[in-house]
Number of protein chains: 2
Amino acid sequence: MEPTEDGVSRWRRVSDLLRAGIADGSLADRLPPEAELAERFAVNRHTVRRAIAVLARDGLLRAEQGRGTFVNAPAPRLPYPVGPRTRFSENVLAQSRQPGGRLIRADRVRADAGIARLLACDPGAPLHRLETLHVADGVPLSVATSWFSAARFPGIVQAYAESGSVTEALRREGLLDYRRRETRLTAERLSPGDADHLSASPDGLVLVSTAIDVDGEDRPVQALRTRFHADRMELVFRH
Amino acid sequence: MEPTEDGVSRWRRVSDLLRAGIADGSLADRLPPEAELAERFAVNRHTVRRAIAVLARDGLLRAEQGRGTFVNAPAPRLPYPVGPRTRFSENVLAQSRQPGGRLIRADRVRADAGIARLLACDPGAPLHRLETLHVADGVPLSVATSWFSAARFPGIVQAYAESGSVTEALRREGLLDYRRRETRLTAERLSPGDADHLSASPDGLVLVSTAIDVDGEDRPVQALRTRFHADRMELVFRH
DNA sequence: TGCCATTTGTTCGTATGTATT
DNA sequence: AAATACATACGAACAAATGGC
């Protein structure tokens, strides 16, 4: 028997092919019978069945005995406007959904070179680092890591934990208003930890936004690295 | 002993973890010794060695007997500012690189529902569809599909083929200026065709931008779906 | 109604690849 | 190098549900 040359098992490869076919619409509505798929992918029907089982567990497919296997329509992506005054709660409420969030982790770190440049502080400066999860109607949409000056915002962790909102936490720390200065975007694969928090398949994709928020004097107050689940939302920029 | 429950062999998982660590910078410059990595990932040293061998073959790592294993620095991402007046050539020139582009394909199509909504035209309206490739210093950065009204811009294909620039082609068709109204962003895996045009590995990622350009009277002139190679550039939004 | 083709669900057995001891 | 345990893959047969005639 031929080995799995690239370290990925056959059922997994078939599963990925099916997932891609569903995503690009070439497999619409109803899947061909297992026997036909087995022939098409040159694998045993067991292998096809295992691939289907995984996708069914993820909610993409639904197998009905005697009838066939069907493609579940995916939820549409939630539009997420990004601008100078982006606020997660407002964006979610604007779509008639219930926003929510929770603190995953908080710790104190020292600024590395990259963060120091973003926050315009000295490398090694003490920072609060927060890992937060953001949900709409109970569905996880994004995970964010944010860095704040520990000197300027000593109680930010406590304030966030109590209020569940960055805007409100900063207000309690004396900052009445802030705005987004810059957003940089790339795409990445989900890290295992993020996949866990987002209740997502580990081979999903995220839009990674690295952003700087500044106060009224244009001084950075927050560095932010947000991983948006690419299947669940799309970022919208109005120019 | 934990099995490979998810269909991916252990050396492959370790390989992916190392690749991710290299990508996000948590494994910089020099790798820890194999024995330490084996302990960290809770696998045998043989497994770590196999994982490293794969990455070394791909050029990400370089193992030197008796010294250690080192990370080869990847090319940095090209920053690509996006705003109301985004022009590919200007962005590339601003990074001291030589912009270029070529027409991959051009044909006439009829507007489907989605494009009709974007272009504010009737479904079924005749359109020119252009598939274009954009490069900097000979490195492919993005592939774009754009749609233009065939009635309003009858010679757009010819004009683009001759000038290699959308701005210039529209000018020849009588449109002196245009601007970006909206950009929507998601992330996807590379399609096989795009991977080919971008000279990229077929499991690479793209940032997918769906945008509308409008004329002085705010009427849509171009619908645009651009796939930016996520490893080669990052989109920058100033707010 | 019953019959039959189709399709998914289940259970054997057997062989091979993978990771560790 | 050998032994062990587990995961993956294939083949064959049969059971159970569905739908058309």
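Numbered from 1 within each chain, the chains take letters A, B, ... in sequence-line order.
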Contacts table for residues 54-65 of chain A: side-chain donor-acceptor under 3.5 angstrom, sequence neighbours left out:
residue : atom : partner : partner atom : Å
A:D58   : OD2  : A:R19   : NH2          : 3.2
A:R62   : NE   : A:N72   : OD1          : 2.9
A:R62   : NH1  : A:E64   : OE2          : 2.8
A:R62   : NH2  : A:N72   : OD1          : 3.4
A:E64   : OE1  : A:R67   : NE           : 2.9
A:E64   : OE1  : A:R67   : NH2          : 3.3

Exercise. For A:R180, which residues count as a side-chain hydrogen bond (donor to acceptor under 3.5 Å, both in side chains) partner, sequence neighbours excluded?
Worked result: A:D213
Exercise. Atom CZ of A:R10 to atom C1' of D:dA9: distance rounded to whole Å?
Worked result: 7 Å
For this session: Find the distance A:L31:CG to C:dG9:P and express it as a whole number of Å.
Result: 12 Å
Exercise. Does any residue of residues 65-73 of chain A have a heavy atom under 4.0 Å from DNA chain D, and if so, which ones, in number order?
Worked result: A:Q65, A:G66, A:R67
Problem set entry | Residue pairs passing the ring-ring contact (aromatic ring centres under 6.0 Å, His included) test where at least one lies in residues 101-142 of chain B, sequence neighbours excluded | B:F88-B:H134
Problem set entry | Those residues of residues 35-49 of chain A lying under 4.0 Å from DNA chain C by at least one heavy atom | A:R45, A:H46, A:R49
Exercise. What does C:dC12 pair with, Watson-Crick or G-U, if both distances are under 3.5 Å?
Worked result: D:dG11
For this session: State whether A:R50 places a side-chain N or O below 4.0 Å from either non-bridging phosphate oxygen (OP1 or OP2) of D:dA9.
Result: no
Exercise. Can you list the residues that meet the side-chain hydrogen bond (donor to acceptor under 3.5 Å, both in side chains) rule with A:R227, with sequence neighbours excluded?
Worked result: A:E131, A:T145, A:D194
Exercise. Who pairs with A:E234 by side-chain hydrogen bond (donor to acceptor under 3.5 Å, both in side chains), at least two apart in sequence or on another chain?
Worked result: B:R184
Less than 3.5 Å apart, which donor and acceptor atoms pair up between the side chains of residues 109-123 of chain B and the rest of the protein, not counting sequence neighbours?
residue : atom : partner : partner atom : Å
B:R110  : NH1  : B:G124  : O            : 2.6
B:D112  : OD1  : B:G114  : N            : 3.1
B:D112  : OD1  : B:I115  : N            : 2.9

Exercise. Salt bridge between B:E188 and B:R225, side-chain N to carboxylate O under 4.0 Å?
Worked result: yes
Exercise. Rounded to whole angstroms, how far apart are CZ on B:R13 and P on D:dA7?
Worked result: 11 Å
Seminar exercise, completed: Across all chains, not counting sequence neighbours, the ring pair (Phe, Tyr, Trp, His ring centres under 6.0 Å) partners of A:F148 are none
Problem set entry | Residue-phosphate contact under 4.0 Å: A:W11 side-chain N/O, D:dA9 OP1/OP2 | yes
Exercise. So which one's nearest nucleotide on DNA chain C is more toward 5', B:R12 or A:I52?
Worked result: A:I52
